[in-house]
Number of protein chains: 2
Amino acid sequence: MARGRKSVTIRDVAEDAGVSLQTVSRVVNGGPNVRAQLRDKVRASIDRLGYVPSLAAQRMSGSRSYIILAINDRERTLADWRERRGTDWVDQMLLGGILTCSKHGYRMMVELIDTHSDHVERELGAAISALQPDGVVLTPPHSENRLITALLAERDIPFARIGSMEPGPGIALTMGDDGAAHLAASRLIELGHRRIAMIAGPAQYSLSGWRIEGWKRALGEHGLPWEGLLEAGDFGYESGTRATRALLDRNPDLTAIIASSDQMALAALEVARDRGMSVPRDLSLVSFDNTPIVRFTQPPLTAIDQPISETVSRAVEQLILHGRDEGGDAVIEVAATLIERSSTAPAPPSISDAA
Amino acid sequence: MARGRKSVTIRDVAEDAGVSLQTVSRVVNGGPNVRAQLRDKVRASIDRLGYVPSLAAQRMSGSRSYIILAINDRERTLADWRERRGTDWVDQMLLGGILTCSKHGYRMMVELIDTHSDHVERELGAAISALQPDGVVLTPPHSENRLITALLAERDIPFARIGSMEPGPGIALTMGDDGAAHLAASRLIELGHRRIAMIAGPAQYSLSGWRIEGWKRALGEHGLPWEGLLEAGDFGYESGTRATRALLDRNPDLTAIIASSDQMALAALEVARDRGMSVPRDLSLVSFDNTPIVRFTQPPLTAIDQPISETVSRAVEQLILHGRDEGGDAVIEVAATLIERSSTAPAPPSISDAA
DNA sequence: ACAAGTCTTGAGAACGCTCACAATATGCGC
DNA sequence: GCGCATATTGTGAGCGTTCTCAAGACTTGT
């Protein structure tokens with residue numbers, strides 16, 4: 001006889017236990033109407049033979065594929081990856097997703113999709129046709145892409161939009177970007193800062209807007225102006241350098257910066273150092289993301305921790321458990337927190353204070 | 001009529017193009033014997049209808065599943081992830097793998113498996129039965145786990161072992177750990193260092209041994225002793241702290257350390273700083289991995305860059321292209337390089353030199 | 001003890017595709 | 001123009017599972 005390469009099928013189990021295929025299938029799927037005695041017998045056969053149902057066959061006949069597809073932005077991911085900037089976002093997503101999926105007998109697959117519009121439909125369409133996933137997790141900036149959400153809705157595939165505060169279509173999950181920015185700014189105000197700048201993310205990410213909102217709101221609550229204190233970057237290091245320089249040039253009295261990504265904060269730290277400013281003595285710095293990097297800089301950075309894993313985990317759970325329910329278009333919020341490290345300190349006595 | 005939720009099948013294409021299913025199948029799979037005229041007609045139908053074959057169905061009937069499974073160590077990955085240490089290894093692997101897979105029409109799936117022996121067979125067996133992958137990529141420490149390689153061989157699934165210098169079974173791919181350690185040590189010797197310590201990785205990783213070999217060899221070539229200069233860690237930060245302290249306590253004349261992971265190097269940097277030693281003036285530091293973190297420490301660390309993405313990419317390519325060939329048990333080497341940053345400098349004039 | 005219901009089990013079709021093979025068309029040498 | 005080899009197309013079965021539906025076994029109320 002040949003190698004034992006043929007795998008154990010449901011038929012083998014059925015024969016071994018002396019029951020029909022259907023009964024085995026019911027036992028495997030926790031079907032309701034099987035006598036305890038038979039169920040145990042089948043279970044024993046399954047264990048002995050080491051039977052595990054074939055995902056492909058399950059997909060073929062059943063209505064579920066047991067696959068959740070996670071969509072990431074190809075351009076940004078690849079750029080980060082090529083330049084060895086770290087792709088912590090993908091990591092967090094992958095692990096949070098995998099763990100929650102496997103808890104429910106699902107698998108997660110990661111797909112990189114171009115933001116560029118003519119690719120979106122083709123690439124996403126192809127992935128969906130090939131995989132026929134039971135749910136899709138969208139990450140920014142795809143989360144609010146009409147083309148994508150329309151495509152998914154048309155194909156009747158449940159989906160979750162990470163990082164979106166807009167209700168429907170699909171499940172929206174936000175990490176409270178406005179609240180987080182508000183928190184960061186408020187804390188800085190509490191520390192005595194009056195001139196607090198923001199390096200925002202790119203406009204096509206709606207969370208960039210929300211962060212700006214939160215920051216403005218905090219300043220407004222204390223009667224502080226924000227004009228001239230806003231610069232936009234693209235989350236990358238270089239853009240952070242440019243933005244920080246512009247901010248510092250324009251505002252000699254600047255004492256604090258909130259950066260919308262760790263990379264941009266790293267850049268700000270470097271620019272400050274180049275200009276002979278000490279962080280946090282002369283300049284306080286708060287970043288967004290809290291990737292592993294910021295714990296090891298000098299000084300370690302105070303950062304808004306974005307609970308990506310948990311958010312994706314919640315998204316996956318919703319998709320698996322309530323995927324097909326008409327979900328009422330709820331917005332789920334997983335709160336971000338401020339991790340204070342050593343890049344923030346009380347504001348230096350200002351020139352006007354001294355006067 | 002209901003929503004357009006039913007997907008386009010090969011049958012739809014066949015009808016649209018007025019040919020048989022088989023002909024469409026041949027066109028899709030690049031079959032050799034189809035007249036150009038018909039092929040174009042079928043292609044047109046495929047494009048118009050947006051047909052993409054179902055992975056599940058392909059797996060069911062054909063001999064291939066178009067899935068490559070990447071196995072990672074669950075314990076270490078989860079520990080790194082939970083403590084937000086960064087899981088750069090997974091990242092690099094995932095992206096290198098995904099890209100190469102998609103180039104060949106394959107997909108990559110990531111699976112976390114416990115090292116603990118009774119889990120290994122069950123978990124890996126289950127993953128294989130469910131997914132029936134066309135190839136498996138093993139990462140350390142699974143790369144040399146007999147239980148795993150035996151299981152894969154028995155089921156006749158091609159596999160690649162990343163980070164292994166041992167030929168067969170399966171394809172072995174190494175990043176030249178002995179050579180890399182030799183390179184690091186040699187460079188330090190060139191800089192005038194005589195007392196060069198090594199913080200090794202855990203023994204169950206065979207690459208730990210190879211790195212020790214390379215380091216010893218370099219020292220030996222210059223008549224330098226290594227006794228008392230070796231400590232083992234577990235790749236994690238805390239173990240790096242312990243190891244560095246032990247090394248420094250035992251060897252007051254130590255001027256350089258090679259750490260087998262970035263985390264341990266980070267710890268060494270911290271310990272040195274605590275003891276009032278300046279890096280690189282008093283102590284030179286070389287780390288392994290070159291994760292994004294080490295570019296932003298103060299000083300940025302000189303590191304051995306492990307080309308994980310490229311190695312996994314090569315592994316995937318081998319599996320897809322030559323998976324079933326009796327590969328002759330070759331060992332493929334993808335060379336690591338030394339990235340010099342600011343944590344290495346000429347050795348300080350030693351006490352004996354001064355005497 | 002009998003009809004009417006419920007619980008349990010099984011049989012057969014179907015999912016979308018590729019395989020092996022059969023049938024037909026085309027080309028070539030003479 | 002005939003016969004053979006070769007290129008092209010079509011047919012039917014089967015992959016491993018779940019679905020639908022029907023049949024048999026057991027309850028229950030009267």
Side-chain angles (χ1 to χ4, degrees), chain A residues 5-43 45-46 49-67 105 107 126 128-134, chain B residues 5-43 45-46 49-67 105 126 128-134 155:
Chain A
R5 68 175 73 169
K6 284 214 48 137
S7 46
V8 181
T9 76
I10 199 173
R11 172 163 285 116
D12 300 322
V13 177
E15 272 174 25
D16 186 82
V19 297
S20 73
L21 300 188
Q22 186 49 41
T23 302
V24 178
S25 175
R26 272 191 276 258
V27 172
V28 169
N29 297 301
N33 297 327
V34 183
R35 255 186 317 165
Q37 191 192 343
L38 248 199
R39 183 166 20 88
D40 294 345
K41 197 169 165 190
V42 172
R43 287 238 175 93
S45 291
I46 289 176
L49 269 42
Y51 168 71
V52 175
S54 148
L55 249 200
Q58 286 188 114
R59 164 60 242 174
M60 279 300 289
S61 62
S63 46
R64 286 175 300 178
S65 66
Y66 297 100
I67 286 180
R107 317 235 156 210
I128 288 176
S129 299
L131 261 23
Q132 293 165 286
D134 291 341
Chain B
R5 67 176 71 169
K6 285 216 48 140
S7 45
V8 182
T9 75
I10 198 172
R11 172 162 284 114
D12 301 322
V13 177
E15 272 173 26
D16 186 83
V19 298
S20 72
L21 298 188
Q22 185 51 41
T23 302
V24 178
S25 175
R26 273 192 275 257
V27 171
V28 170
N29 297 301
N33 298 326
V34 182
R35 255 187 316 168
Q37 189 193 344
L38 247 198
R39 180 162 25 86
D40 293 346
K41 197 169 167 191
V42 172
R43 286 237 175 94
S45 293
I46 289 176
L49 268 43
Y51 168 72
V52 175
S54 149
L55 250 202
Q58 286 189 115
R59 164 58 241 176
M60 279 300 290
S61 60
S63 46
R64 285 176 301 179
S65 66
Y66 298 99
I67 287 180
I128 288 176
S129 299
L131 261 23
Q132 292 165 283
D134 290 340
R155 300 241 200 159

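Each chain gets a letter, A, B and so on, in the order its sequence line appears, and its residues count up from 1.
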Through what angle, rounded to 10 degrees, does the axis of the helix from dA1(C)-dT30(D) to dC30(C)-dG1(D) turn between its ends, using five pairs per end? 20°
What is the first contacted nucleotide of DNA chain C and what is the last, in 5' to 3' order, if contact means an atom lying under 4.0 angstrom from a heavy atom of chain B? dG16(C) to dA20(C)
Does any part of the side chain of Gln37(B), heavy atoms only, come nearer than 4.5 Å to the side chain of Lys41(B), both counted from C-beta? no
Using a 4.5 Å cut-off on heavy atoms from C-beta on, say whether the side chain of Tyr66(A) contacts that of Gln58(A).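 In short, these two side chains touch, coming nearer than 4.5 Å.
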Between Ser54(B) and Arg59(B), does a side chain to side chain donor-acceptor pair (under 3.5 Å) hold up when you go through it step by step? CA-CA 9 Å; Ser54(B) 149; Arg59(B) 164 58 241 176; over 6 Å; no
Classify the side-chain pair Arg39(A)/Thr23(A) by whether it contains a donor and acceptor separated by less than 3.5 Å. no
Mind checking the OG-CD1 spacing from Ser7(A) to Ile128(B)? Nearest 0.5 Å is all I need.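 That separation rounds to 10.5 Å.
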To the nearest 0.5 angstrom, please state how far the CD atom of Glu15(A) sits from the CG atom of Leu49(A). 10.0 Å
Enumerate the protein-to-nucleotides 16-18 of chain D contacts in which both atoms are nitrogen or oxygen and the separation is below 3.5 Å.
unit_1  : atom_1 : unit_2   : atom_2 : d
dT17(D) : OP1    : Tyr51(A) : OH     : 2.7
dT17(D) : OP1    : Ser54(A) : N      : 3.2
dT17(D) : OP2    : Ile10(A) : N      : 2.3
dT17(D) : O5'    : Tyr51(A) : OH     : 3.4
dT17(D) : O2     : Ser61(A) : OG     : 2.6
dT18(D) : OP1    : Asn29(A) : OD1    : 3.4
dT18(D) : OP1    : Asn29(A) : ND2    : 2.9
dT18(D) : OP1    : Gln58(A) : OE1    : 3.4
dT18(D) : OP2    : Ser25(A) : OG     : 2.5
dT18(D) : O4'    : Ser61(A) : OG     : 2.6

Give me the atom names and distance for the closest heavy-atom approach of Ser65(B) to Gln132(B). OG-O, 2.7 Å
Minimum heavy-atom distance between Asp16(A) and Ser45(A), given as atom pair plus value: OD2-OG, 2.6 Å
Separation of dG14(D) P from Arg59(B) CZ (nearest whole Å): 18 Å
Rounding to a whole Å, what distance do you find between Arg39(B):CZ and dA7(D):C1'?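 These atoms are roughly 14 Å apart.
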Val28(A) and side-chain contact (heavy atoms from CB on, under 4.5 Å): which partner among Val13(A), Ile46(A), Val42(A), Val52(A)? Ile46(A)
Report the residue from Leu131(A), Leu55(A), Ile67(A) that forms a side-chain contact (heavy atoms from CB on, under 4.5 Å) with Leu55(B). Leu131(A)
